[in-house]
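In what follows, every chain begins at residue 1, and chains take the letters A, B, ... in the order their sequences are listed. The shown structure was predicted, so the numbers you read here are calculated from the model rather than taken from an experiment.
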Amino acid sequence: MQLKKKSVLGNAIASAACSLLGALPSTHVVAADATVPATAPAKGPWTVDTALLYYGESDGRVKDKSLRMAIQRAFDEDRALSIDIAVDSLTGASPTGAVPSDVPQTFTRPSAGGTYQAAPGQLPLDDTFKDTRFAIAADWLQPIGEYSRVDVGASASTEYDYQHLGANARLEFDFNQRNTTLFVGAAYGQETIDPVGGAPIPLAPMQGVGNSSSKLGSDSKNVIDGLVGISQILSRRSALTLTYSYSQQSGYLNDPYKILTVVDPVTGRPVAGPSPGLGLYLYDSRPDSRARHGLFGEWRHAFDRDSMAVSFRLMSDDWGVKSSTAEARYRWNLGARSYLEPQIRFYHQGAADFYHSYLVSGQPLPQFASADYRLAQMNAVTTGVKYGRRTGVGDFSVRLEYYKQTTQSADPKIGVLANYDLVPSMSAVIVQFGYKINF
Amino acid sequence: MANPCEVLCETTDEKAAFAISEAAAAEAFRIERKFSRYRDDSVVHTIHANHGATIVLDEETSQLVDYAATLWQLSEGAFDITSGVLRYAWRFSEPQNKPTAEVIRELLQRVGWHRVLWARPKLTLPDGMEIDFGGIGKEYAVDRTITILGDSLDVPTLVNFGGDLRTAGPRPAAGAWQVGIESIEAAGEADKLIKLATGALATSGDTHRYVEIDGRRYGHILDARTGWPASDAPRSVTVAADTCSQAGTFTTLAMLQGQDAETFLEREGVRYWCLR
């Protein structure tokens with residue numbers, strides 16, 4: 001059907017309606033979109049949030065399959081108990097910190113019970129990396145008076161070579177007609193590290209099979225965290241959160257499985273170590289304390305149908321690592337029951353003061369040195385999308401993320417090292433299935 | 001009207017609320033009695049029972065026929081109050097096969113406003129043809145009820161006859177009525193909320209009345225010229241207008257546009273919400 005022009009049709013209908021009804025109203029229609037309020041169907045006291053996550057790094061490096069379950073039981077008067085359980089299964093190979101070379105390299109396994117090799121040109125990876133982690137945390141939330149709440153909790157986790165015990169507390173105060181919430185939190189953690197084969201003496205050389213002269217027993221560290229923050233409702237549609245955090249770690253902060261290659265100043269090849277057939281590889285050495293300051297800001301905004309969140313995080317520690325993260329998420333509500341949420345995250349970090357891709361033979365040994373790529377200068381981009389759907393039998397979600405990390409070596413490439421990427425880039429995919437139910 | 005009808009009043013005065021709802025109910029029942037196709041004491045029944053003889057219609061029926069005739073003209077024959085007989089080919093409540101071209105062709109012999117002689121107030125409807133005010137009656141009933149309630153109504157009121165609704169009286173305390181558009185996925189749940197301060201909303205949806213043929217979905221609004229519904233129309237169209245009759249007319253015309261419904265509404269410059 002060919003339709004007549006706008007004014008003709010609209011006016012013709014108005015005029016016909018006028019004849020039909022005798023008159024048209026003196027006021028004109030005033031209609032606008034409204035947001036569908038988050039419908040709170042009759043809520044049962046239990047909420048169970050389950051997530052199955054797969055994380056896989058490229059080139060057969062680390063793979064993590066984990067299952068997380070958060071169980072919450074709500075009680076009267078806004079009190080609630082939460083129990084979080086997580087089981088991780090880590091497998092794969094992780095870079096040891098040693099640099100590639102044009103000669104085959106042999107390394108002693110951390111257990112000192114055998115060796116592994118890196119072919120010429122190959123990045124040395126410790127393929128014995130395999131662990132299962134089990135973690136549990138419990139939190140109790142309850143109001144104190146009308147305008148404040150307290151949350152106290154305890155946590156524990158265990159893996160083959162690592163134990164953690166912790167306690168945390170958080171207080172929240174509402175004021176300014178509940179438009180402002182101030183919160184303070186603190187946490188304490190005690191961690192025991194019992195590395196396979198013992199904790200290496202910092203900067204001691206890697207020894208041959210059966211020789212544990214560079215290793216000691218277990219060690220420990222403790223972590224104190226504190227934070228203070230404010231949430232401010234800016235308008236009916238937007239809210240801002242700012243948080244300052246401080247973290248103080250002390251004790252054994254080395255990575256017992258990371259090493260540094262000592263290379264010849266001319267050829268760039270590993271120099272010979274104390275054990276026959278092994279190059280000189282020194283164990284990681286880091287300060288025994290680390291203080292970190294963090295600043296986090298997040299702005300959330302709700303549109304008529306959709307919503308978005310933009311956040312920024314700045315971190316700085318006394319190891320010289322400065323990082324910034326920028327993230328944006330857009331929640332596109334496809335209907336009242338399903339949404340698509342694309343997200344993007346940029347991460348940049350500067351190298352730790354004592355980060356070295358390798359050490360050079362003949363030069364004075366620094367007090368601290370680590371070739372752990374996680375302390376190198378790096379950039380990372382994560383892009384992802386999440387799809388969620390609410391059904392009568394719970395909320396389902398699936399999240400897909402792609403992570404791309406590029407790392408820069410700070411050191412000049414001596415001799416044969418010029419042919420290699422000393423800290424190779426890495427990419428990873430993350431797939432997560434979530435299911436949440438209230439009953 | 002075969003639809004849940006309701007009147008919402010914002011008042012603490014129970015008497016006033018009762019008076020308003022009684023007046024609304026009375027008008028709704030009056031219109032239903034008068035124009036229902038299913039009642040043997042209705043005007044529609046009388047017209048059909050006349051078997052092709054000329055009949056003189058009362059003022060109100062004449063106005064409705066005039067309105068329908070205008071819509072027929074504006075839609076170039078797509079909207080037609082004589083298209084009701086097509087229901088013999090289309091049952092929207094149960095699975096069905098594609099109606100044969102033959103069946104449609106035969107039924108179309110009994111459809112078409114151009115076959116009707118209308119010289120207000122005299123109507124000559126050829127025998128075998130039918131008239132159905134279903135496409136405009138509900139909206140008319142809402143508008144009429146608002147007229148009955150009068151301009152001096154001092155209670156914020158919303159008259160809702162099966163999803164076609166209009167405000168009366170002053171605005172509610174919250175500034176506007178919140179109207180949910182029923183989800184096309186889950187009956188009884190709202191997918192969209194509209195704040196209606198004043199005016200009318202009409203919704204035409206196929207949530208409960210549609211057929212799927214060869215993988216295409218057909219809503220219940222039939223194009224009187226082809227005997228077929230427009231394909232790929234939105235699942236639900238809601239339009240805001242000054243009166244319910246205007247809003248309802250736009251939703252019907254939009255549905256007849258099929259996949260071009262949004263383009264049409266956009267071009268018409270009306271406030272609309274489509275769910276697909």
Side-chain angles (χ1 to χ4, degrees), chain A residues 1-42 236-237 302-307 331-340 387-396, chain B residues 63-64 66-67 69-71 73-79 136 139-140 143-144 146-147 151 166-167 171 176 178-180 183-186 189-201 223 225 230 240-247 249-250 253 256-257 264 267-271 273 275:
Chain A
M1 113 188 158
Q2 300 279 307
L3 283 148
K4 320 238 166 182
K5 277 192 187 136
K6 170 185 171 174
S7 54
V8 176
L9 195 51
N11 288 344
I13 293 172
S15 132
C18 184
S19 311
L20 174 66
L21 305 171
L24 287 180
S26 52
T27 52
H28 287 296
V29 62
V30 180
D33 280 299
T35 40
V36 178
T39 40
R236 210 170 52 78
R237 288 172 178 273
F303 302 98
D304 283 339
R305 182 195 63 191
D306 302 341
S307 62
R331 179 167 163 144
W332 176 21
N333 288 313
L334 304 170
R337 272 163 304 283
S338 61
Y339 65 89
L340 207 56
Y387 173 76
R389 185 165 183 83
R390 208 181 79 214
T391 72
V393 289
D395 300 350
F396 293 88
Chain B
Q63 280 169 353
L64 267 172
D66 266 352
Y67 191 70
T70 307
L71 295 199
Q73 225 169 16
L74 292 175
S75 68
E76 293 176 351
F79 175 88
I136 48 177
E139 293 90 334
Y140 172 69
D143 286 330
R144 271 291 304 168
I146 299 293
T147 309
D151 289 341
R166 187 172 155 191
T167 64
R171 293 185 182 193
Q178 292 228 344
V179 180
S183 164
I184 51 176
E185 292 164 16
E189 282 197 49
D191 254 355
K192 271 199 176 7
L193 272 191
I194 298 169
K195 282 195 280 191
L196 182 68
T198 173
L201 291 176
D223 187 321
R225 297 165 307 182
D242 296 347
T243 64
C244 219
S245 297
Q246 287 162 280
T249 298
F250 275 116
L253 295 184
L256 286 166
Q257 292 289 311
F264 161 68
R267 207 172 53 219
E268 287 302 318
V270 294
R271 195 89 169 86
W273 295 264
L275 298 178

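Looking at Thr198(B), both its backbone and its side chain come within 4.5 Å of chain A, counting heavy atoms on both sides. For a residue to count as touching a neighbouring chain, one of its non-hydrogen atoms must lie under 4.5 Å from one of that chain's; by this rule Ala240(B) touches chain A with backbone and side chain alike.
Look at Arg271(B) and Asp33(A) and you find a salt bridge, because one of the NZ, NE, NH1 or NH2 atoms lies within 4.0 Å of a carboxylate O, short of that distance. With respect to the salt-bridge test (charged N to carboxylate O, under 4.0 angstrom), the residues Asp395(A) and Arg337(A) do not qualify.
Contact tally against chain B (heavy-atom pairs below 4.5 Å) for Pro25(A), Ala23(A), Gly335(A): the top residue is Pro25(A). Contact tally against chain A (heavy-atom pairs below 4.5 Å) for Thr167(B), Asp66(B), Leu196(B): the top residue is Leu196(B). Note on Ala32(A), Ser26(A), Gly392(A): by heavy-atom pairs under 4.5 Å with chain B, the leading option is Ala32(A). With chain A as the partner, the residue from Ser245(B), Cys244(B), Ala241(B) showing the most heavy-atom pairs under 4.5 Å is Ala241(B).
The two atoms that bring Leu201(B) and Ala247(B) nearest to each other are C-CB, 4.3 Å, heavy atoms only.
Only one option out of Leu24(A), Val29(A), Thr27(A) pairs with Asp242(B) in a side chain to side chain contact (heavy atoms under 4.5 Å, CB included); it is Val29(A).
Two residues are said to be in side-chain contact when any heavy atoms from C-beta on lie closer than 4.5 Å; Leu74(B) and Thr249(B) fail this criterion.
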